[in-house]
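Keep in mind the model is a prediction, meaning the values are calculated, not measured. Numbers here simply count residues along the sequence, with the first being 1. Worth knowing before you read on, the calculation uses all heavy atoms, side chains too, and leaves out hydrogens, waters and symmetry mates.
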Amino acid sequence: MRKLNYELKELCIHNKEGSFSTRTARHYTLNQAANDLHELGFRNLGKHGLRPKHVDALIEKWKSNGVSDGTLKNRMTHIRWWASHINKSGMIPKSNKELGVDRRVYVTNKNKGQPLDGRVEVIRNPMVQMSVRLQAAFGMRREESIKFQPSESDRGDRLYIKKGTKGGKPRSIPIKTVEQRALVDACRKLVGNNALIPISKDYKYQKKLYENDIAKAGFHKLHGLRHHYAQERYEKITGWKSPVQGGPKRASLSSEDKQLDNTARQIISRELGHERLEVVSVYIGV
């Protein structure tokens, strides 16, 4: 293994900020960066040798390879992480625009919602099935649902989600219905004070089990459950369907209804754990 690949791998191992998926993506990106820098002629480079010329070279190479702006933006997050851990945070501009990376454009008004159907009953592992049901009922991300621990998260009228969140930022999701309350109670009965990962196993094991079980049940990816949750929440708050479900477009709303639309988007953004309102448009449309 080349010096830079090894040192960046060690850097990732000893600094475990973020969720499992974030750490996995970080390691992949930094390993790719090390390979690309070697290919570009920057040989014998160590982790402390990062310079602006290396960042510029990576961006130019990735662009020439057809990497999308969204992927470039994500990769730059990991490159900045690298810089921050060698005390060079100020070396890379905070704005991607200054680096020639356009702002990510989110595709909207395409319905990716996926309601939970009877196939969930085919999932034989009770912990995996519970994780899937939690995704549908509360709009959880996959990692959040697998790591869910009801005794820690259940606050009566809401769930306090901390494990597996994006960027490690906790958030609250309200418990609004009898069905949601019953599901959390059933989860408590299933695992007691533990999480939805068997005590003798780890997240990596349970994630693989999850992937295998949902595939056997006929599911591909279940991020659509999160979309459906957002759409249902929007309709509950506003009284009308979201644009991606055939509801009125935002531009056609009255001033009063636009205020309610804004409120709904802010609530959904917080519940999904997103910082930018524009991301919510991917789930419900504009």
Establish, from distance only, whether the side-chain atoms of [X] and [Y] form a donor-acceptor pair under 3.5 Å.
| X | Y | value |
| --- | --- | --- |
| Arg158 | Ser172 | yes |
| Thr71 | Ser68 | yes |
| Arg2 | Asn35 | yes |
| Asn193 | Gln149 | no |
| Asn96 | Arg80 | yes |
| Glu278 | Ser281 | no |
| Asp36 | Gln32 | yes |

What distance separates [X] [atom1] from [Y] [atom2], expressed to the nearest 0.5 Å?
| X | Y | atom1 | atom2 | result |
| --- | --- | --- | --- | --- |
| Ser153 | Phe138 | OG | CZ | 10.5 Å |
| His223 | Lys112 | NE2 | NZ | 8.0 Å |
| Ser145 | Leu222 | OG | CG | 9.0 Å |
| Ser242 | Asn111 | OG | CG | 6.5 Å |
| His27 | Cys12 | NE2 | SG | 6.0 Å |
| Leu72 | Leu99 | CG | CG | 10.0 Å |

Pair [X] + [Y]: basic N to acidic O under 4.0 Å:
| X | Y | value |
| --- | --- | --- |
| Glu271 | Arg171 | no |
| Glu232 | Lys236 | no |
| Asp261 | Arg265 | yes |
| Asp117 | Arg119 | yes |
| Asp213 | Arg124 | no |
| Lys63 | Glu60 | no |

Close side-chain approach of [X] to [Y], heavy-atom, < 4.5 Å:
| X | Y | value |
| --- | --- | --- |
| Lys166 | Ser19 | no |
| Lys176 | Arg233 | yes |
| Arg250 | Lys258 | yes |
| Val244 | Lys110 | no |
| Leu260 | Trp240 | yes |

Heavy-atom closest pair, residues Ile146 and Ile197: O-CG1, 3.4 Å
Stepwise salt bridge (charged side-chain N to carboxylate O under 4.0 Å, His left out) test for Arg181 and Asp185: CA-CA 6 Å; Arg181 180 68 263 168; Asp185 291 342; 2.9 Å; yes
Residues Leu116, Arg133; criterion side chain to side chain contact (heavy atoms under 4.5 Å, CB included); working and verdict: CA-CA 8 Å; Leu116 194 62; Arg133 291 187 182 279; 4.3 Å; yes
Derivation of the side chain to side chain contact (heavy atoms under 4.5 Å, CB included) call for Gln129 and Glu121: CA-CA 8 Å; Gln129 186 181 125; Glu121 302 290 348; 4.2 Å; yes
Within 45° cone and under 6.0 Å: Lys163 NZ/CZ vs Phe148 ring: no
Distance under 6.0 Å and angle within 45° of ring axis: Lys201 vs Tyr205: yes
CA sep, side-chain torsions, deciding dist, call: Lys249, Asn109, side chain to side chain contact (heavy atoms under 4.5 Å, CB included): CA-CA 9 Å; Lys249 300 290 189 290; Asn109 292 333; 4.2 Å; yes
Sidechain-backbone polar pair: Gln206 side chain, Pro198 backbone, donor-acceptor under 3.5 Å: no
Donor-acceptor under 3.5 Å (Asn65 side chain, Val67 main chain): no
Verdict with supporting geometry, His85 and Trp81, ring pair (Phe, Tyr, Trp, His ring centres under 6.0 Å): CA-CA 6 Å; His85 282 75; Trp81 180 90; 4.2 Å; yes
His274 and Tyr283 aromatic ring geometry - parallel, tilted or perpendicular at 30°/60° bounds: tilted
Trace of the side chain to side chain contact (heavy atoms under 4.5 Å, CB included) decision for Leu58 with Leu37: CA-CA 7 Å; Leu58 284 172; Leu37 287 169; 3.8 Å; yes
